[in-house]
**Q** 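One structure coming up, written as structure tokens, with questions to follow.
The analysis underlying the following values was restricted to heavy atoms, covering all of them including side chains, and did not include hydrogens, waters or symmetry mates. Here the structure is a predicted model, which is why all the values come from computation and not from measurement.
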Amino acid sequence: MGKPITMGSTNVSTPKTSFAADDGQEVLDLGAIFAIIWRGRWVIAACVLIGLIVGIWRAYIAATPLYGTEVQLVLDTRDEKVVDIESVVSSLSATDEVIRTEVHILGGRELAGQVVDRLNLISDPEFNMMLRDPGFNPVQALKDMIKRILGMQVYDTTLTPDPAFVREKVIQTLLANTRVVNIPDTYIFSIWVLSENPFKAADIANAFADTYVENQVAVKLNVTEQATGWLAERVTELRSQLEANERRVADIRAQADVTSPAQLIGLENRLISLRSALAERAAEVAEQQARQAEFTTLQTVEDQRLAARRNGYGAILARADNPQDGWRSVLAQLTRDLREAEAKEQAIRRSMADLEITIATQSDALTEVVQAERDAEASRLLFENFQNRLRETSMQIGLQRADSRVISRAFPPDRPALPNKGQILILSVFLGGFLGTVLVVVLQLSRARLYSAAQIAGLTSVPVIAVLDQFSQKIRPEQASALGPQTRDGEAIRNLRTTLLMARGDVPPQVVVFTSAESGDGKSTLSAAMAHNMAQIGKSVLLVDGDLRRHYLSDPLADGNSKPGLFDVLSGRCDLAEAVLPGVLGQADILPAGSVSGSAADLLSQGGLTELLSVARSHWDIIIFDTPPISVVPDARIIGQHADLLILLAQWNTTRQAVFIDALRALEQGGRSPDGIVLTKVKAAAKPLYGATKRSRDRYYHG
């Protein structure tokens, strides 16, 4: 980009980076934001006024007065017992969880529904919107029309609605007008109710409290009654079970002729005695069998006599007539003794078997009797326990009380609680101002317009050499002579003229090119005013209409394209002297655009411009070019290559920042960046005040 304008410099500016360095830090410019707000103060004031009007309408006209009243309940945490029995239903504990739960119950749909039914609010038009005359609702009509166009279903509000649906809507309306809060650090609940009628508001609030307290008692009574009924059923069942167990004990005793445990022990002792006798008899039988076996083996009379005497049979042998008969008698007696011993053994065995059966039978029967008696005793104890519990629970039915009580009933208020007119007006003014401020800032930032030299300095290193106020009257190029020395606008042009003449130090510039990023930035008027002003100080000036497409200068000063001009000179149709119109703008000459019949950019690039400027430099002190916007056509970039000074114009609060940056980049890419930037059409009220007001400046210029 070209070097910025510095006093005393004699070099033509050379390309360099046109954009300011970015250090990576974002700085919030509060002054810039305040300036944006200040410029949009009338918009903000209008929004504040609109907000105030809406607030007045809302507070004094549209809003329906609502009366608010309050009823207070307290959670009773005292543990009072009328009788010393355990309660079936325990009281509420005063924990945070319980308090929050009760708040939700008080503001719940179930309790609200009971209040609706209790006061028959379904028949009240205040809460049942369907009882009101709907009239014509333009918003709803528009919605229905859009639904019909889209083929959607439109509900007929004239039909009789479902009663459950109506009741639900009334509950919703009631809850919207009800607020339940817990007073901090207390067990007190506050129920606020709003209504169009003060007496109705008090009735609804008291109905909430009464219904809530009654529900607590009803719930406890219901639970107690359920417990009593269940206990009664259990007592009846246990009584039947006890009677059955007692009958079972009697039946077992009657059927099995059960002995006592002592008698059973006697039978067991007798069995032990029989077992001892059986052992003796078994030993005796074995002895007899061994003796018989021994006697059958004896052969001699002497051995037989000795054996008979040793075993007690000697008398039998002595009574016999001969030893053989006597021995046979001994053997016969031995056989009889063995049979008798065996018979006794068998008798003992039979007695033992019968006794064992008797003992087993009696033991089983006694065990069954003991178990039945235990079951009967357990049933008796359980029956007595449930019977006592039933008696205690029955006594509680008449002793139940609510966990909460009303400490302050609601009374009809004497003045409306809503609307809060002062609050509405303050909020409306604040909201209007806030929305207006947001609107101004958003519009300004969304448009990203150029509004200050500081902003431009943040975008490029090219200096802002002038900030021109918007002219006090609309000035066209042919009216540039109206900017006289006794006007503030004329003084601003002279200040810019001085800056341009001193831009190259001792060597004043000859070719000055004015261009802009967008159209309408005032470059044609500024070019004409600068040409006229330069001529006023004795400079020979040539004003060239370089806008070959719109020829904004040529139309009023040279009858449009009726005379030859720049295009004709560059195309070789005529000489420069033939095309220049002398003294058209005061003492300044003008070279109109001419009769354009081809591509202006191609013609400017063919080299004829260099020759034209060479001739012009030898005849005029100052050649001022008015060129088209850079964002539209490349003409200014081509002409700017031959300029001693290239001035880029930007219109205050109109030139878009993105377009301005693109223009800088386009010039830089063409190898010729601007030497200065002029911010035009700044509103005097929006321009920073440098210590003097607009009136004081006008007085200075006019004496």
**Q** Taking all atoms of both residues into account, what is the closest heavy-atom pair of P419 and I424, and its distance?
**A**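 Residues P419 and I424, closest heavy atoms: CB-CD1, 3.5 Å.
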
**Q** Do you know the tightest heavy-atom contact between A207 and L119?
**A**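 That closest heavy-atom pairing would be CB-CD1, 3.8 Å.
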
**Q** Please determine if K681 and D521 form a salt bridge, counting it only when a charged side-chain N lies under 4.0 Å from a carboxylate O.
**A**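 Answer for the salt bridge query: no.
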
**Q** Kindly give the heavy-atom pair with the smallest separation between A410 and N206, and that separation in Å.
**A**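 Closest approach of A410 to N206: N-OD1, 2.9 Å.
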
**Q** Taking side-chain contact (heavy atoms from CB on, under 4.5 Å) as the criterion, tell me which of I99, V74, V181 meets it with F189.
**A**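 Between F189 and the candidates, side-chain contact (heavy atoms from CB on, under 4.5 Å) is satisfied uniquely by I99.
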
**Q** Just by modelled atom types, is the L468 backbone N or O under 3.5 Å from a matching donor or acceptor in the T680 side chain?
**A** no

**Q** Heavy atoms, side chains only, cut-off 4.5 Å: are I465 and V678 in contact?
**A**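 Yes. Closest side-chain heavy atoms under 4.5 Å.
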
**Q** What I'd like to find out is whether the side chain of S195 reaches to under 4.5 Å of the side chain of Y67, using heavy atoms alone.
**A** no

**Q** Could you give the distance from CG (L75) to OG (S404), rounded to the nearest 0.5 Å?
**A**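 Result: 5.0 Å between the selected atoms.
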
**Q** Would you sort out whether E70 and S408 count as a side chain to side chain donor-acceptor pair (under 3.5 Å), showing the intermediate values?
**A** CA-CA 8 Å; E70 176 190 23; S408 176; over 6 Å; no

**Q** Nearest 0.5 Å, please: how far is SG in C47 from CG in L52?
**A**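 One finds 12.5 Å between CG of L52 and SG of C47.
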
**Q** Assess, by modelled atom type and distance only, whether the side chains of Q241 and E243 contain a donor and an acceptor separated by less than 3.5 Å.
**A** no

**Q** Work out which heavy atom in F660 is nearest to a heavy atom in L648; give both atom names and the distance.
**A**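 Looking at all heavy atoms of both residues, the closest pair is CE1-CD2, 3.5 Å.
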
**Q** Any chance you could lay out the side-chain contact (heavy atoms from CB on, under 4.5 Å) test for R405 and V213, step after step, and finish with the verdict?
**A** CA-CA 7 Å; R405 55 191 174 89; V213 173; 5.8 Å; no

**Q** Heavy-atom distance under 4.5 Å between the side chains of I44 and V440, does that happen here?
**A**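 I44 vs V440: side chains touch.
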
**Q** Could you go through the side-chain contact (heavy atoms from CB on, under 4.5 Å) check for E126 and K200 one step at a time?
**A** CA-CA 10 Å; E126 179 183 352; K200 188 191 304 180; 2.7 Å; yes

**Q** Less than 4.5 Å apart, any side-chain heavy atom of Y212 and any of I105?
**A**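 Contact flag for Y212/I105 side chains = yes.
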
**Q** Quiz question: by atom type and distance under 3.5 Å, do the side chains of Q455 and Q657 form a donor-acceptor pair?
**A** yes

**Q** Does any part of the side chain of S519, heavy atoms only, come nearer than 4.5 Å to the side chain of R550, both counted from C-beta?
**A** yes

**Q** Examine distances only and state if a side-chain atom of S240 and a backbone atom of T236 form a donor-acceptor pair shorter than 3.5 Å.
**A**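 The answer is yes, because a donor-acceptor pair under 3.5 Å joins these two groups.
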
**Q** Could you check if a side-chain atom of I50 sits within less than 4.5 angstrom of a side-chain atom of V54, using non-hydrogen atoms only?
**A**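 Result yes, sub-4.5 Å side-chain heavy-atom pair found.
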
**Q** Which pair of heavy atoms, one from A517 and one from V659, lies closest together, and at what distance?
**A**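 That would be O-CG1, 3.8 Å.
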
**Q** Please determine, by modelled atom types, if T64 and E196 share a side-chain donor-acceptor pair under 3.5 angstrom.
**A**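 Absent: no donor and acceptor within the cut-off.
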
**Q** Ignoring hydrogens and geometry beyond distance, is a side-chain donor-acceptor pair present between R58 and S428 at under 3.5 Å?
**A**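 Result is no, nothing qualifies.
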
**Q** I171 and side-chain contact (heavy atoms from CB on, under 4.5 Å): which partner among T173, L174, L175?
**A**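 When T173, L174, L175 are each tested with I171, the side-chain contact (heavy atoms from CB on, under 4.5 Å) holds only for L175.
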
**Q** At their closest point, which heavy atom of P628 faces which heavy atom of V633, and how far apart are they?
**A**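 Heavy atoms of P628 and V633 come nearest at CG-CG2, 3.3 Å.
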
**Q** Please determine which of T515, L526, L679, I677 meets the side-chain contact (heavy atoms from CB on, under 4.5 Å) test together with L649.
**A**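 So, applying the side-chain contact (heavy atoms from CB on, under 4.5 Å) to L649 and each of T515, L526, L679, I677, only L526 qualifies.
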
**Q** In plain terms, say whether D162 and R167 are close enough for a salt bridge, that is, a side-chain N and a carboxylate O under 4.0 Å apart.
**A**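 Here D162 does not pair with R167 in a salt bridge, since their nearest N and O are not under 4.0 Å apart.
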
**Q** Tell me, yes or no, whether the heavy-atom count around R380 atom CZ, taken from other residues, nucleotides or ligands under 6.0 Å, exceeds 12.
**A** yes

**Q** Any salt bridge between D662 and R665, counting N to O under 4.0 Å?
**A** yes

**Q** Please report the C-alpha distance between F165 and M130 in whole Å, then the side-chain angles of each, then the deciding distance to 0.1 Å, and finally whether the side-chain contact (heavy atoms from CB on, under 4.5 Å) criterion is met.
**A** CA-CA 11 Å; F165 174 78; M130 297 182 181; 3.2 Å; yes

**Q** Between I191 and L106, is a side-chain contact (heavy atoms from CB on, under 4.5 Å) present by the stated rule, with each step listed?
**A** CA-CA 8 Å; I191 305 176; L106 282 167; 3.9 Å; yes

**Q** Are the charged groups of E384 and R239 less than 4.0 angstrom apart, N to O?
**A** no

**Q** Can you confirm whether more than 12 heavy atoms, excluding those of E97, are under 6.0 Å from its CD atom?
**A** yes

**Q** Give, for atom CD of E233 and atom CH2 of W230, the distance between the pair rounded to the nearest 0.5 Å.
**A**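 The CH2 atom of W230 is 9.5 Å from CD of E233, to the nearest 0.5 Å.
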
**Q** Using 0.5 Å steps for rounding, measure from the CD atom of E518 to the OG1 atom of T654.
**A** 8.5 Å

**Q** Quick check for you: to the nearest 0.5 Å, what is the distance between F430 atom CZ and L435 atom CG?
**A**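 Taking CZ in F430 and CG in L435, the distance rounds to 9.5 Å.
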
**Q** Decide yes or no for N128 and L121: does some side-chain heavy atom of the first lie under 4.5 Å from some side-chain heavy atom of the second?
**A** no

**Q** Do S516 and I630 come close enough that some side-chain heavy atom pair is under 4.5 Å?
**A**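 No, side chains not in contact.
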
**Q** Using a cut-off of 6.0 Å, state whether more than 12 heavy atoms not belonging to Q423 lie near its atom CD.
**A**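 No, CD of Q423 has 12 or fewer neighbouring heavy atoms, counting only those of other groups under 6.0 Å.
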
**Q** Once rounded to the nearest 0.5 Å, what's the spacing between atom CG of N120 and atom CZ of F127?
**A**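 Atom-to-atom, N120:CG and F127:CZ are 12.0 Å apart.
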
**Q** Looking only at atom types and distance, does a side-chain atom of N182 sit under 3.5 Å from a main-chain N or O of T186, one as donor and one as acceptor?
**A**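 Flag set: sc N182 to bb T186 pair under 3.5 Å.
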
